[in-house]
Amino acid sequence: MFWNKRSLIADVIEDKCNNCSCCVQICRRCALVTCEVVGKVVTFVNDPRQCTGCGECVDICPNKAIELVDRYC
Ligand code: SF4
Ligand code: SF4
């Protein structure tokens with residue numbers, strides 16, 4: 001089976017992210033979240049269906065810790 005490239009989606013690079021939540025606050029689609037998972041604070045796209053790939057989170061991140069990647073679905 002082949003997956004078709006359809007659009008872009010945000011992806012947080014965990015090693016660069018300090019969980020400042022700037023991206024969470026700017027996302028108009030509420031696609032991102034900063035929360036504690038198994039005792040560790042992380043930021044990630046918790047609702048991929050809501051991400052439009054607009055790139056506003058990429059632009060605001062002070063650590064270049066979020067990028068747009070190909071979405072396969
Ligand atoms: S803005 Fe960047 S550093 Fe801050 S939580 Fe988002 S991805 Fe992490
Ligand atoms: S690319 Fe746009 S819609 Fe997707 S998480 Fe970032 S700010 Fe939200």
Side-chain angles (χ1 to χ4, degrees):
M1 173 184 286
F2 295 96
W3 297 92
N4 294 320
K5 186 194 298 184
R6 290 171 54 181
S7 60
L8 297 174
I9 186 171
D11 184 44
V12 176
I13 304 164
E14 188 177 342
D15 289 349
K16 294 182 178 180
C17 176
N18 66 2
N19 301 301
C20 68
S21 291
C22 291
C23 58
V24 175
Q25 292 170 37
I26 203 169
C27 180
R28 298 176 219 194
R29 306 276 296 178
C30 300
L32 288 152
V33 67
T34 298
C35 65
E36 189 173 314
V37 178
V38 196
K40 182 180 178 185
V41 177
V42 290
T43 300
F44 58 98
V45 178
N46 71 315
D47 193 346
R49 295 168 302 177
Q50 291 300 319
C51 178
T52 62
C54 70
E56 290 188 15
C57 55
V58 175
D59 293 339
I60 203 166
C61 178
N63 298 325
K64 299 190 186 315
I66 187 163
E67 61 186 3
L68 296 179
V69 298
D70 292 331
R71 178 202 292 263
Y72 292 91
C73 57

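All ligand and atom numbering here is 1-based and tracks the order in the structure. Note that the structure is a prediction, hence the values are computed from the model and not measured.
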> Would E14 and K40 count as a salt bridge (charged side-chain N to carboxylate O under 4.0 Å, His left out) if you check the C-alpha gap in whole Å, the side-chain angles of each, and the deciding distance to 0.1 Å?
Replying inline: CA-CA 12 Å; E14 188 177 342; K40 182 180 178 185; 2.6 Å; yes

>> As a quick check of understanding, evaluate side-chain contact (heavy atoms from CB on, under 4.5 Å) for D70 and L8, giving each step before the final call.
In response: CA-CA 5 Å; D70 292 331; L8 297 174; 3.5 Å; yes

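In terms of protein heavy atoms, atom 5 (S) of ligand 1 is closest to S21 N, 3.2 Å. For atom 4 (Fe) of ligand 2, the closest non-hydrogen atom on the protein side is C51 SG, 2.4 Å. Ranking protein heavy atoms by distance to atom 6 (Fe) of ligand 2, first place goes to C57 SG, 2.3 Å. Looking at atom 3 (S) of ligand 2, its nearest protein heavy atom turns out to be T52 N, 3.4 Å. At the top of the distance list for atom 2 (Fe) of ligand 2, counting protein heavy atoms only, stands C54 SG, 2.3 Å.
Atom SG of C54 sits about 7.0 Å away from atom CZ of R28, to the nearest 0.5 Å. Within the model, atoms SG of C51 and CG of N46 stand 11.0 Å from one another, a figure rounded to the nearest 0.5 Å. I9 contributes atom CD1, which lies 11.0 Å from atom CZ of R49 (distance to the nearest 0.5 angstrom). Rounding to the nearest 0.5 Å places CZ of R71 at 8.5 Å from OG1 of T52. Here the CD1-CD1 distance, from I66 to I13, works out to 8.5 Å after rounding to the nearest 0.5 Å.
In this structure, V45 does not count as a contact residue of ligand 2, since none of its heavy atoms falls inside 4.0 Å of the ligand.
Transitive grouping of hydrophobic side chains (ILVMFWY, heavy atoms separated by less than 4.5 Å) keeps F44 and L32 in distinct clusters. There is a path of hydrophobic side-chain contacts, each under 4.5 Å, that joins V45 to V24.
The L32 neighbourhood of ligand 2 comprises atoms 5 (S), with distances under 4.0 Å to a heavy atom of that residue. Less than 4.0 angstrom separates some heavy atom of C23 from each of these atoms of ligand 1: 1 (S), 5 (S), 6 (Fe), 7 (S). If you number the atoms of ligand 1 from 1 as listed, the ones under 4.0 Å from a heavy atom of C17 come out as 3 (S), 5 (S), 7 (S), 8 (Fe). Atoms of ligand 1 lying under 4.0 Å from at least one heavy atom of C61, given by number and element, are 1 (S), 2 (Fe), 3 (S), 7 (S). If you number the atoms of ligand 2 from 1 as listed, the ones under 4.0 Å from a heavy atom of G53 come out as 1 (S), 4 (Fe). Which parts of ligand 2 touch G55 is read off a 4.0 Å heavy-atom cut-off, strictly below it: atoms 1 (S), 2 (Fe). Using a 4.0 Å cut-off to heavy atoms of T43, the atoms of ligand 1 that qualify are 5 (S). Counting atoms of ligand 1 from 1 in the listed order, those under 4.0 Å from a heavy atom of N63 are 3 (S).
Inclusion of C27 in the first shell of atom 2 (Fe) of ligand 2 is not supported: no N, O or S atom falls under 2.8 Å.
Within the 3.5 Å criterion, the main-chain N or O of V69 finds no donor-acceptor partner in the side chain of D11.
When non-hydrogen atoms are compared, ligand 1 lies under 4.0 Å from the backbone of N18 as well as from its side chain.
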